[in-house]
Amino acid sequence: MKAQNEQRAGLLYGFGAYGMWGLVPLFWPLLMPAGAVEILAHRMTWSLAVVGLALLAVRRWGWIRELLRQPRKLGLTALAASVISVNWGLYIWSVNNGHVVESSLGYFINPLVSIAMGVLVLGERLRRAQWVAVGLSFAAVLVLAIGYGRPPWISLVLACSFATYGLIKKKLNMGGLESLAAETAMLFLPALGYLLWLGAQDRSSFTSQGVGHALLLAATGLVTAIPLVFFGAAAIRVPLSTLGLLQYMAPVFQFGLGVLYFHEAMPPERWAGFSLVWAALALLTWDALRTARRSRARLVAAPVVAPAPAREPA
């Protein structure tokens, strides 16, 4: 009974995390007239404040000394911070400039880019269905490039930056709260310096647009941290395969908002490209579920080897 309650709680946390990530395009336009870089700087600054309070509450500080003693890990953390700042900044810009649908495509193709990186960087071997899924994603990018008259750069940069971030995090092997704290700590001084410079130039919307606007900019820390906390709570309670299926919620919500709420254009070639991506993801999901089912069946069918009886001393 306790295990069922834990799994139910994990599913609710997972729905909460991916639901918030899916609905976040509704939040960024509220921060205008602040530009994407100013919003990004506030997100970095206030995220550190929120994560710092969370660490203070759980009294988890020992990892800092350990991190400082490992130059390689510090370098990877700095690289992760740089990559995620590119991802965050471009996503904010794309939402506030009418590219919600194209940005949602980036997160649809992110699992496929991660698979391609696994082959190219980690030397992983793919099953036949995975090769077909990757091929369909390349065909989708080609169709969209022809339709746009250019490659879908926003989608590709978002997908590649987030896949790279995931790869670095895999090598870092740090907890979600700790890694976010380390990354935002590295970004804090440049972000705060930029905000102070904007203020000195009388170009800061934080000080010129009223208290409500300032509170919304401060809320970027909560918007960043809360879904990550929910995600961490889900990750320890539900199987990874379930979490992998839940991840499609966010781009589905983003796509729906782009088409139905922001009324972005969906010409036939864009529908064709998205259909190829969805077919690739459906194939990928089917293959993952089939592989997991076969693995469980092999474990059940494996003979139980009885331990050899202990010999008596001569």
For a ring-ring contact (aromatic ring centres under 6.0 Å, His included) check, start with the C-alpha distance between Phe255 and Phe274, then their side-chain angles and the critical distance, and finish with the verdict.
CA-CA 10 Å; Phe255 176 80; Phe274 270 84; 5.0 Å; yes
So how far is it from Ser137 OG to Phe108 CZ, rounded to the nearest 0.5 Å?
14.0 Å
Before giving the answer on side-chain contact (heavy atoms from CB on, under 4.5 Å), spell out for Val24 and Val223 the whole-Å C-alpha distance, their side-chain angles and the decisive distance to 0.1 Å.
CA-CA 8 Å; Val24 80; Val223 168; 3.6 Å; yes
Between Glu38 (side chain) and Ser205 (backbone), is there a donor-acceptor pair under 3.5 Å?
yes
Rounded to the nearest 0.5 angstrom, the OG-CD1 distance for Ser47 and Ile84 is 10.5 Å
Taking atom CH2 as the centre, does Trp131 end up with more than 12 heavy-atom neighbours from other residues, nucleotides or ligands that are less than 6.0 angstrom away?
no
Could you pull out the closest heavy-atom pair between Val143 and Ala272, with the gap in Å?
CG1-CB, 4.1 Å
Here the gap from Ile115 atom CD1 to Leu284 atom CG, rounded to the nearest 0.5 Å, amounts to 4.0 Å
Look at Glu102 together with Arg150 and state whether they make a salt bridge at an N to O cut-off of under 4.0 Å.
yes
Using a 6.0 Å cut-off, check whether atom CH2 of Trp21 has over 12 heavy atoms from anything other than its own residue.
yes
Supply the atom-to-atom distance Ile39 CD1 to His42 NE2, rounded to the nearest 0.5 angstrom.
9.0 Å
Would you give the length of the straight line joining atom CZ of Phe206 to atom CG of Leu215, rounded to the nearest 0.5 angstrom?
7.5 Å
Short side-chain to backbone donor-acceptor contact, Trp63 and Glu178, under 3.5 Å
no
